[in-house]
Protein chains: 2
Amino acid sequence: MQVAITIKDIARLANVSITTVSKVINNKDDSISEQTKNKILQIIKETNYQPNAIARSLVTKKTKTIGLIIPDITNPFFPEIARGAEDCANIYGYNIFLCNTDDNAEKENNYIAVLREKCVDGIIFTSSSIPKYEHIIDLIDSGIPVVMIDRSIEPKLKNIYGVFLDNYKGGYLATKYLIELGHRNIACITGPLYTKSAIERLNGYKKALSDFNIEINNSMIIEGDFKINSGMVAAEKIIENKDVTGIFACNDLMAYGVYKTLKKKGYRIPDDISIVGFDDIQLSQILEPQLTTIKQPSYDMGLTATRVLIKLIEGEKVRKKVVKFEPSLIERKSVREYHNNI
Amino acid sequence: MQVAITIKDIARLANVSITTVSKVINNKDDSISEQTKNKILQIIKETNYQPNAIARSLVTKKTKTIGLIIPDITNPFFPEIARGAEDCANIYGYNIFLCNTDDNAEKENNYIAVLREKCVDGIIFTSSSIPKYEHIIDLIDSGIPVVMIDRSIEPKLKNIYGVFLDNYKGGYLATKYLIELGHRNIACITGPLYTKSAIERLNGYKKALSDFNIEINNSMIIEGDFKINSGMVAAEKIIENKDVTGIFACNDLMAYGVYKTLKKKGYRIPDDISIVGFDDIQLSQILEPQLTTIKQPSYDMGLTATRVLIKLIEGEKVRKKVVKFEPSLIERKSVREYHNNI
DNA sequence: TTGAAAGCGCTAACAT
DNA sequence: ATGTTAGCGCTTTCAA
């Protein structure tokens with residue numbers, strides 16, 4: 001924090017009061033004569049004066065700052081969200097504090113505390129939710145605007161704002177696609193089951209199975225953690241069952257892990273095993289074969305969540321507490337038709 | 001920004017002065033009796049009081065906040081840096097403002113202005129540098145601690161702190177590797193040549209060529225922009241020249257683009273054309289074939305830059321103004337030996 | 001059209 | 001061991 005020229009200096013140089021300077025800075029200058037206004041503007045320019053936002057915040061109770069709490073910016077799903085958030089924030093003159101929690105409730109708590117001390121105007125939050133969510137309830141109850149993104153929390157609170165994907169539908173779509181292409185023995189690699197989105201994708205998978213009268217086999221459901229490595233491990237297990245012809249990996253990263261294991265073991269994709277991912281991150285179209293996956297509009301989701309948050313902050317009406325984005329199936333090359341009788 | 005309980009309230013409830021409260025909050029409590037200290041602590045806990053960092057900053061002139069200015073968090077190279085930065089910041093009690101500039105000088109300027117208004121204690125900066133760098137000089141001259149990361153700027157300033165990779169050596173390493181495996185006609189897809197790192201990688205390429213007495217052919221040097229698409233476009237051009245057996249793509253993303261084009265056109269990697277990338281981002285080991293590339297320790301670089309910055313902020317001695325990381329070649333599967341006589 | 005004064009919540013020098 | 005006081009840089013009411 002540098003020592004800098006202050007409003008006092010400007011006032012002195014312009015031979016006016018600081019009130020007057022303040023007014024022109026804030027465009028509340030209806031009642032200021034053109035002449036003094038110009039003089040002040042001139043001096044501000046010459047001196048390269050920049051108002052101190054800290055001092056301003058102390059009186060206005062607004063910091064024009066938003067906290068973005070996510071598990072890990074290093075997970076390719078989140079940069080898009082962060083970018084959408086930042087772009088929106090930027091438009092409305094807000095800045096974003098980036099906070100990585102690794103789905104660790106303690107880190108979440110620390111960041112919540114720090115963000116409140118720093119008086120952020122609002123918080124965008126992707127939380128691991130299921131094991132503990134009291135801190136989130138507390139946060140929301142504290143009155144600070146909060147928009148949940150990507151993962152909703154239980155229980156459904158009346159007061160919760162959120163931007164989510166219809167993960168249930170996404171899981172359903174992925175599974176149905178495999179079924180309709182003839183697959184019957186479909187494994188599912190889930191996300192960490194303490195997240196709502198992982199649970200919902202799994203539920204979508206189960207529903208599709210039962211809609212088509214396929215028995216749900218718990219040995220075909222393997223819990224992963226949304227990271228590459230868990231996809232590799234899960235694939236090892238899955239191929240022990242020779243009947244499996246299709247895999248639904250609940251995110252693309254785990255699908256990459258599956259690719260790795262399968263290729264190492266000499267399986268061909270999709271000839272021997274078909275794979276559907278989830279997220280549609282950038283690299284999924286580069287992979288060989290290109291990954292068939294469920295697309296999430298992550299950038300838009302980040303943008304929307306921030307837009308909602310800013311409305312909340314600025315007291316505008318927000319019509320829908322929860323906005324739900326639709327998943328869509330992106331057909332590429334990692335799935336083939338399966339004929340039982342071959 | 002919520003209305004909250006203040007130090008005044010605590011003082012009143014504890015029947016002490018706000019000074020006393022302040023002292024115990026800040027652990028300057030040598031001279032406070034255990035008894036009053038405990039009473040105050042107790043009340044703080046009961047009331048869930050959190051000091052207002054804004055008010056504190058106004059008097060201490062420290063915000064415990066750092067600005068991180070990067071081109072685009074969506075480029076897989078930067079999340080690692082951001083995460084390293086955040087992890088380090090977190091250890092020392094700092095928060096990070098995330099700023100994406102798209103290498104746009106105007107956005108850079110805006111962010112610099114805003115960050116200064118918000119009184120960040122220091123700035124970590126990846127800048128497109130060559131076309132215009134006066135604003136960076138101004139920034140540094142203003143006295144606020146700045147650490148450049150990833151891309152250095154011209155001219156070498158005495159006062160500049162930075163954390164960089166030896167990009168020249170990286171370019172050299174990549175090219176030499178291809179040469180030593182028998183390649184003679186090696187194309188280079190550069191980054192945007194207004195960045196120092198792109199220029200240096202290209203220079204390394206050229207030096208390796210000339211060290212091995214291979215003529216530099218300008219038609220084999222194609223300027224890209226570090227994005228996937230430019231790799232695709234460049235590859236189209238490169239394969240017009242049937243002699244080319246090796247490609248040095250100056251980052252992995254462009255190498256992915258090359259993969260895409262080559263595969264589409266029926267080329268096999270590395271059988272028909274060998275490729276070396278640069279960065280070693282996460283996905284490069286998933287690609288088929290796994291990409292041989294030059295590794296940058298991005299996370300460590302982010303961490304180190306932040307550590308240096310915090311030392312600067314807190315007035316500690318920083319021995320080396322510039323810390324340079326060493327690139328290393330990661331041999332994987334995208335390069336094969338080339339025998340001229342086959 | 002302009003300015004004086006109070007105060008935002010806190011720290012820190014200086015009393016006591 | 002504790003408290004009084006001034007002041008950080010700004011906005012905002014109210015008065016002139």
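When reading the values below, keep in mind they use all heavy atoms of this one structure, side chains included, and skip hydrogens, waters and symmetry mates. Chain identifiers are assigned alphabetically (A, B, ...) following the order of the sequence lines, protein sequences preceding nucleic acid strands; residue numbering begins at 1 within each chain. Fair warning: this is a prediction, and the values are worked out from it, not measured in the lab.
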For nucleotides 10-16 of chain D, read 5' to 3', which letter fits each nucleotide if B means a protein heavy atom sits under 4.0 Å from the base, S means only the sugar-phosphate is that close, and - means neither? BBBB---
Quick one: Lys62(A) NZ to dC8(C) P, roughly how many Å, whole number? 17 Å
OP1 or OP2 of dT2(C) under 4.0 Å from side-chain N/O of Ser17(A): no
Of all residues at least two apart in sequence or in a different chain, which pass the salt bridge (charged side-chain N to carboxylate O under 4.0 Å, His left out) check with Lys107(B)? Asp102(B)
If we fit an axis to the first five pairs and another to the last five of the helix from dT1(C)-dA16(D) to dT16(C)-dA1(D), what angle do they make, to the nearest 10°? 40°
Using a heavy-atom cut-off of 4.0 Å across all strands, would you classify Ser33(A) as base, sugar-phosphate, or nothing? sugar-phosphate
From CG of Leu58(A) over to C1' of dG9(C), roughly how many Å is that when rounded to an integer? 6 Å
Of all pairs that satisfy salt bridge (Lys or Arg N to Asp or Glu O under 4.0 Å), the ones with a partner from residues 35-60 of chain A, not counting sequence neighbours: Asp29(A)-Lys37(A)
Those residues at least two apart in sequence (or on a different chain) that pass side-chain contact (heavy atoms from CB on, under 4.5 Å) with Val59(A) are none
Is there any salt bridge (Lys or Arg N to Asp or Glu O under 4.0 Å) pair reaching into residues 9-19 of chain B, and which pairs are they, with sequence neighbours excluded? Asp9(B)-Arg12(B)
State, without any angle test, whether Thr65(A) and Asn95(A) hold a side-chain donor-acceptor pair at a distance under 3.5 Å. no
How many Å lie between NZ on Lys64(B) and P on dT11(C), as a whole number? 13 Å
Qualifying residues under ring pair (Phe, Tyr, Trp, His ring centres under 6.0 Å), relative to Tyr299(B), sequence neighbours excluded: none
Across all chains, not counting sequence neighbours, the ring pair (Phe, Tyr, Trp, His ring centres under 6.0 Å) partners of Phe97(A) are Phe97(B)
Could you tell me which residues satisfy side chain to side chain donor-acceptor pair (under 3.5 Å) with Glu80(B), sequence neighbours excluded, listed by chain and number? none
For atom CD of Gln35(A), is the number of surrounding heavy atoms from other residues, nucleotides or ligands below 6.0 Å larger than 12? no
Contacts of Glu314(B) that satisfy salt bridge (charged side-chain N to carboxylate O under 4.0 Å, His left out) - sequence neighbours left out: Lys64(B)
Considering residues at least two apart in sequence or located in another chain, which fulfil the salt bridge (charged side-chain N to carboxylate O under 4.0 Å, His left out) criterion with Asp300(B)? none
Sorted by number, the residues of residues 36-46 of chain A with heavy-atom contact under 4.0 Å to DNA chain C: Thr36(A)
